[in-house]
Amino acid sequence: MCGIAGLAGADAGRHEHTVGAMGASQSHRGPDGTLHAASSDGRAVLAMNTLLIVDPQAMPGPYLDRASGILLAFNGEIYNYRQQASAWGIPLAARESDAHFLLRAWAKIGPSCLDGLDGMFALSVYDPRAGKLFLARDRLGEKPLYWRLDGGRITFASEITTLTGYGTAPLVLRPEMLAIETPVGIDTPFQGIQLLAPATLLSFDIASGSLDQTTWWSLEDRTPFTDTYTEALAKFSVVLAEQVPLRAPACDFALLLSGGLDSSVLAYLLRPPVCVTVRYPGHERLDELQIAATIAADIGAELVVVEPDHIDFTKALPRMMGALDYPMGNASTFSEHMAYRKIADLGLRVVVGGLGPDEFLMGYVRHALVLFGPEAVLNAGMDAYRPLAAKLMHTAGQALGPAEAVTRLVLRGPDPDGRIHDLITGAMDRAGGDLARALTLADLATAWRPLVMTSDKLASAYALERRSPYLARDLVELSYRLPAEHSVGGTSKLALMSWSGRVRRLMSVHCGAWGS
């Protein structure tokens with residue numbers, strides 16, 4: 001989990017020491033070296049914190065293409081870089097990594113190379129030929145990237161505190177933080193500092209000081225999948241089996257294993273040497289240790305159990321707050337922190353988790369509440385969710401519209417200006433009338449950002465790389481294209497559940513080892 005920082009402007013070379021300090025302030029993201037480099041024309045300085053995963057002997061960044069003068073600082077992993085290097089005729093030496101590929105791809109075809117990348121990344125590229133700095137993020141925002149303008153300069157970093165250290169940034173109370181406990185869109189709690197949106201390319205022209213942002217990928221542009229359920233399942237099975245293993249690291253790694261379906265499928269597809277589960281003794285309804293233990297034993301993995309208590313929470317709180325930079329509405333923050341701490345103690349560098357299917361295959365109870373209504377959910381034996389279902393019970397017995405229902409289910413505080421409601425309404429309007437796709441877009445507009453940001457920031461605090469295999473481009477696009485009856489069909493994540501049945505048969509898994 002590397003980190004990047006930098007500054008671009010006509011006098012950037014005079015601020016090389018400042019950029020070096022910016023990189024040093026987030027050095028925990030790259031224990032294998034924090035370096036910085038100035039462009040040949042002195043108009044950009046880039047810093048990079050390097051965590052070596054692909055090749056432990058590789059050179060740390062930033063990286064320079066001597067022929068073009070292009071300078072690159074890169075955070076993340078490009079999983080298909082060898083395939084793309086072959087397709088685009090880009091030479092790679094035996095010990096060169098995805099960063100070297102990206103540098104040469106940019107020099108050869110420019111920003112259009114982004115569309116061919118499948119991975120998680122935040123990158124900065126300075127091209128002296130155009131006199132421009134480029135910043136870009138991956139499709140779903142797995143890697144963070146913040147930026148700010150300061151006169152004729154632009155500064156950027158992987159962590160917002162790196163930019164607040166560069167210059168003052170007064171705190172701003174965003175109304176949505178009261179409503180859903182996290183900023184939305186590109187806003188941050190610091191005036192003048194923005195989060196670069198996912199799948200966005202920013203270009204900054206040094207000479208004119210002009211700035212331009214474009215979206216280079218959009219999930220909602222994907223056309224619906226119109227084939228039969230059997231055909232959809234066959235396609236989903238192929239994509240799942242092909243794409244998920246591509247995200248397995250070559251080194252030893254740990255899998256975050258609960259008793260749920262998502263991480264269970266990952267366990268059988270990836271065969272991790274170590275599985276880590278977090279449990280809270282005395283809370284039986286939340287205790288999935290037995291299922292996790294069965295799965296770990298079946299695949300021959302070591303199961304590490306973390307059992308935090310209130311004392312651990314008190315001790316961990318300052319470090320969690322420091323790692324997150326600002327509040328984020330994620331109920332699993334403490335559990336993730338404790339799991340990452342244990343994984344780091346084991347000497348591992350990569351952790352894999354099951355983020356994704358809940359959002360793209362209708363895996364949350366709130367999705368079922370909107371799709372089928374509260375009575376249907378409660379009658380299905382999910383009485384523990386009665387307090388959540390009660391939010392949709394109208395005193396006059398009138399049904400709520402989907403946007404109003406989703407808003408009620410996600411709000412955790414007041415929304416006096418209706419900003420969250422408007423955000424959800426806009427997301428659902430873009431879905432073209434398909435309620436399942438509308439729910440996915442609503443999730444991406446509200447709850448998604450704190451999930452991916454928490455995973456990155458907490459893992460990075462322990463110099464870990466967090467991977468989420470279900471976020472493979474082809475898998476996400478196919479999941480979004482599935483009609484509601486293919487992805488739900490009366491129960492959540494039907495496509496994944498159907499596929500897991502094949503896994504059980506192929507691998508002789510005991511049926512009792514599978515969650516829902």
Side-chain angles (χ1 to χ4, degrees), residues 53 77 79 120 142 233 236-279 286-307 332 335-336 338-340 342-344 346-361 363 451 455 459 464-472 474-476 479 491-516:
I53 299 296
E77 295 284 351
Y79 301 112
M120 53 177 186
E142 292 184 72
L233 179 59
F236 187 88
S237 299
V238 170
V239 173
L240 185 71
E242 287 180 349
Q243 294 298 317
V244 168
L246 290 178
R247 282 143 182 81
C251 59
D252 285 345
F253 66 99
L255 172 69
L256 299 177
L257 178 63
S258 68
L261 177 66
D262 306 338
S263 62
S264 299
V265 171
L266 286 182
Y268 286 97
L269 285 172
L270 299 179
R271 300 286 173 149
V274 178
C275 294
V276 177
T277 190
V278 179
R279 69 184 294 262
L286 304 176
D287 192 346
E288 298 175 318
L289 176 60
Q290 183 177 357
I291 299 173
T294 302
I295 293 171
D298 192 64
I299 65 173
E302 175 189 359
L303 179 65
V304 176
V305 181
V306 181
E307 297 183 341
S332 66
S335 296
E336 279 197 73
M338 297 304 294
Y340 295 148
K342 183 61 177 180
I343 292 167
L346 295 174
L348 301 175
R349 288 194 160 204
V350 181
V351 54
V352 175
L355 192 63
D358 284 329
E359 289 73 23
F360 298 104
L361 291 172
L451 291 179
S455 293
L464 295 173
E465 178 170 284
R466 161 67 191 242
R467 296 190 181 188
S468 301
Y470 289 123
L471 301 187
D474 291 348
L475 196 57
V476 166
S479 298
T491 184
S492 67
K493 294 185 284 191
L494 182 60
L496 193 60
M497 292 181 74
S498 298
W499 191 89
S500 72
R502 295 185 176 188
V503 174
R504 290 200 302 270
R505 290 192 296 272
L506 289 172
M507 300 184 178
S508 302
V509 181
H510 188 278
C511 291
W514 288 86
S516 60

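These figures come from a predicted structure and were not determined experimentally. We're numbering straight along the sequence, starting at 1.
P469 and L475 get closest at one heavy-atom pair: O-CD2, 4.5 Å. Residues E142 and S468 come closest through the heavy atom pair OE1-CB, 3.9 Å. Of all heavy-atom pairs spanning G354 and R466, the tightest one is N-NH2, 4.0 Å. Across V278 and A339, no two heavy atoms sit closer than the pair CG2-CB, 4.0 Å.
Considering only residues two or more places apart in sequence or on other chains, E242 meets the side chain to side chain donor-acceptor pair (under 3.5 Å) condition with none of them. Partners of E77 under the side chain to side chain donor-acceptor pair (under 3.5 Å) rule, at least two apart in sequence or in another chain, do not exist in this structure. Not counting sequence neighbours, the partners of S332 by the side chain to side chain contact (heavy atoms under 4.5 Å, CB included) test are N330, E336.
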| request: Begin from the C-alpha positions of Y470 and L240 and carry the test side-chain contact (heavy atoms from CB on, under 4.5 Å) through to its verdict. | output: CA-CA 8 Å; Y470 289 123; L240 185 71; 3.8 Å; yes

| message | Would S335 and Y340 count as a side-chain contact (heavy atoms from CB on, under 4.5 Å) here? Give the steps. | response | CA-CA 9 Å; S335 296; Y340 295 148; over 6 Å; no

| Audit row: V306, T277, side-chain contact (heavy atoms from CB on, under 4.5 Å) steps and yes/no | CA-CA 6 Å; V306 181; T277 190; over 6 Å; no

| task | Would you please test R467 and M120 for side-chain contact (heavy atoms from CB on, under 4.5 Å) and show each step? | result | CA-CA 8 Å; R467 296 190 181 188; M120 53 177 186; 3.9 Å; yes

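The CG atom of D298 sits 3.5 Å away from the OH atom of Y268 when rounded to the nearest 0.5 Å. One distance of note links CG of L303 with CG of L289; it measures 6.5 Å at 0.5 Å rounding.
Under the side-chain contact (heavy atoms from CB on, under 4.5 Å) test applied with P272, the options I299, L266, L348, V350 reduce to a single match, I299.
Within 6.0 Å of atom CD in Q290, 12 or fewer heavy atoms from other residues, nucleotides or ligands are found, so the atom counts as exposed in its surroundings.
Looking at L471 and F360, their side chains come closer than 4.5 Å, going by heavy atoms from C-beta outward. Between V351 and E465, every side-chain heavy-atom pair lies at or beyond the 4.5 Å cut-off. Within the 4.5 Å cutoff, the side chain of E302 has no heavy atoms near those of the C275 side chain.
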Indicate every side-chain donor-acceptor pair of residues 245-258 with a distance under 3.5 Å to a residue at least two apart or in another chain.
| residue | atom | partner | partner atom | Å |
| --- | --- | --- | --- | --- |
| R247 | NH1 | Q243 | O | 3.1 |
| R247 | NH2 | D118 | OD1 | 3.0 |
| R247 | NH2 | D118 | OD2 | 2.8 |
| S258 | OG | G260 | N | 3.0 |
| S258 | OG | S263 | OG | 3.3 |

